[in-house]
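Accompanying notes for the structure given below.
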There are 2 protein chains.
Amino acid sequence: MTEDDRQTEEKIFDAASIVFQEKGMDGARMQDIANRAGINKALLHYYFRTKDLLFEAVFQKVAGRLFAKFAPVLSEGLTLEDKLRFFYREHITFMKENPRLPAFILNEINRHPERIKKITRHIDFIKLWETIEKQHKEELEKYNITIDIVPQVMVSIAALSVFPFAARGIIEGIFESLGVDFDKYIEDRKEFAADFIMGALKNRQSTNK
Amino acid sequence: MTEDDRQTEEKIFDAASIVFQEKGMDGARMQDIANRAGINKALLHYYFRTKDLLFEAVFQKVAGRLFAKFAPVLSEGLTLEDKLRFFYREHITFMKENPRLPAFILNEINRHPERIKKITRHIDFIKLWETIEKQHKEELEKYNITIDIVPQVMVSIAALSVFPFAARGIIEGIFESLGVDFDKYIEDRKEFAADFIMGALKNRQSTNK
DNA sequence: GTCTATAGAAGGATAGAC
DNA sequence: GTCTATCCTTCTATAGAC
């Protein structure tokens with residue numbers, strides 16, 4: 001299938017994905033999207049009516065893809081540690097391929113928190129926790145992970161993989177003066193993050209009362 | 001000193017700080033800034049010439065303030081652990097008072113990485129590391145922190161405090177359905193983050209060869 | 001220094017031909 | 001479905017009075 005054969009709506013959507021991720025809702029220009037899609041502005045409106053609707057379509061799609069990466073935590077037959085290692089490998093690889101995505105999502109969500117609700121409102125987080133609790137009863141006890149620290153642990157796990165990409169502009173600048181290569185750093189991070197979290201959890205064993 | 005006594009330039013600057021942090025460079029409107037400062041648009045241009053220059057002034061100032069919070073790591077006479085605890089208390093308290101700051105800075109920097117260079121280019125990160133190395137030789141050996149994993153550890157430390165604020169829109173949404181209070185969570189995080197990092201580091205002792 | 005009024009450009013959206 | 005031409009609003013920036 002050549003570039004020209006692709007359906008117009010799809011071409012517009014792909015172009016919009018790139019431009020919105022790069023410039024954000026406010027910075028994006030319909031003209032830029034039209035140019036990148038190889039069509040004219042009027043067609044954008046023909047297919048998506050307004051900039052808002054086009055943005056909403058793009059946002060729901062790409063944010064959904066990012067969140068879907070958290071799904072493996074529900075698969076059976078893996079230890080907590082293996083799930084964690086699997087998650088970091090998958091999630092970091094995905095963000096490496098979509099480097100603008102984390103900052104884009106964080107930013108647009110902070111300005112319009114209602115957008116994320118559309119994606120998360122169908123997820124029953126309490127049931128999700130109960131599933132994990134059932135699957136990993138012994139490990140949770142061993143690491144002393146009680147319900148009250150679950151939010152702290154979950155956010156910490158997400159932070160270690162998302163933050164390097166969200167803060168890439170700063171980190172890369174500092175790395176330059178240290179002679180550190182960002183891509184190599186990210187590759188190493190898949191394992192480091194898993195080790196780091198497991199280290200923190202294992203250490204809770206000794207403080208276990 | 002009443003609101004009216006304050007110098008005009010300062011009023012404009014403060015108003016611009018708020019509006020830019022809330023809407024970003026592209027979303028901010030000069031009219032909004034003028035209204036909030038209680039003056040008219042023309043005066044904005046009289047004092048700062050263009051929107052770009054006004055933005056640049058605001059950005060350099062607020063980003064500088066955030067980075068300054070990393071300074072305590074250089075103070076003498078504290079153990080690594082005490083510095084870490086001190087840092088999280090200070091940094092999280094600061095972000096609690098400026099909740100829009102992290103996402104604002106991350107976003108604008110990713111779109112214009114050159115902006116951060118203006119702030120960081122005068123910092124000699126290599127010398128900074130040498131100072132820490134000298135101050136904490138034994139602790140670094142004990143935790144097996146060699147130069148090659150310093151970037152991983154530093155980013156992880158920053159991630160645990162910055163990410164909850166940068167991703168607040170998402171986190172707060174999920175917390176709502178779990179019945180978790182964000183402010184309480186953040187208060188707890190000051191200690192949790194320090195414990196978590198120390199746990200991960202202490203666990204490196206056992207894997208020490 | 002501060003204001004009102006307005007120029008001038010940019011960008012989202014639509015009308016209408018094909 | 002796709003295009004060109006254009007409308008209309010919004011926004012930055014400036015001119016000029018006080």
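Every chain is numbered from 1, with letters handed out A, B, ... down the list of sequences. Because only heavy atoms are used, hydrogens play no part in the values below, and waters and symmetry mates are left out as well, while side chains stay in.
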Legend entry - Option passing salt bridge (charged side-chain N to carboxylate O under 4.0 Å, His left out) with B/D195 (candidates B/K202, B/R85, B/R189):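 Testing B/D195 for a salt bridge (charged side-chain N to carboxylate O under 4.0 Å, His left out) against B/K202, B/R85, B/R189 leaves exactly one candidate, B/R85.
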Inset, instruction - To the nearest 0.5 Å, tell me how far A/F87 CZ sits from A/I197 CD1. - result: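 Rounded to the nearest 0.5 Å, the CZ-CD1 separation comes to 9.5 Å.
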Length of the [atom1]-[atom2] vector between [X] and [N], whole Å:
X     : N      : atom1 : atom2 : answer
A/D32 : C/dA10 : CG    : P     : 13 Å
B/L43 : C/dC3  : CG    : P     : 6 Å
B/E9  : C/dT2  : CD    : C1'   : 15 Å
A/F48 : D/dT2  : CZ    : P     : 12 Å
A/D26 : D/dC11 : CG    : P     : 10 Å
A/I12 : D/dC3  : CD1   : C1'   : 13 Å

Inset, instruction - Select base, sugar-phosphate, or nothing to describe what B/L44 touches, counting heavy atoms under 4.0 Å on all strands. - result: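 Touches nothing.
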Inset, instruction - Answer yes or no: is there an ion pair linking A/E114 with A/K118, defined by an N-O contact shorter than 4.0 Å? - result: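 Salt bridge between A/E114 and A/K118, a charged N being under 4.0 Å from a carboxylate O: no.
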Legend entry - 5' priority, DNA chain C, between A/M25 and B/I39 [closest heavy atom]: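 Per heavy-atom nearest nucleotide, the more 5' residue is B/I39.
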Legend entry - Any donor-acceptor N/O pair, B/H45 side chain to B/R49 backbone, under 3.5 Å: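 Checking the backbone N and O of B/R49 against the side chain of B/H45, a donor-acceptor pair under 3.5 Å is found.
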Legend entry - Any donor-acceptor pair under 3.5 Å from B/K51 side chain to B/M25 backbone: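 Side chain of B/K51 to backbone of B/M25, a donor-acceptor pair under 3.5 Å: yes, one is there.
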Legend entry - Minimum-distance nucleotide to B/N40 side chain [options: C/dG1, D/dG1, C/dC3]: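 Ranking C/dG1, D/dG1, C/dC3 by closest atom to the B/N40 side chain puts C/dC3 first.
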Legend entry - Footprint string (nucleotides 12-18 of chain D, 5' to 3'): B base within contact, S backbone only, - free, heavy atoms under 4.0 Å: BBBB---
Inset, instruction - Go through A/D52 and A/T50 one step at a time and tell me if the side chain to side chain donor-acceptor pair (under 3.5 Å) criterion holds. - result: CA-CA 5 Å; A/D52 267 327; A/T50 67; 5.3 Å; no
Legend entry - Phosphate OP1/OP2 of D/dG1 contacted by A/T8 side-chain N/O (<4.0 Å):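 No, no such contact exists.
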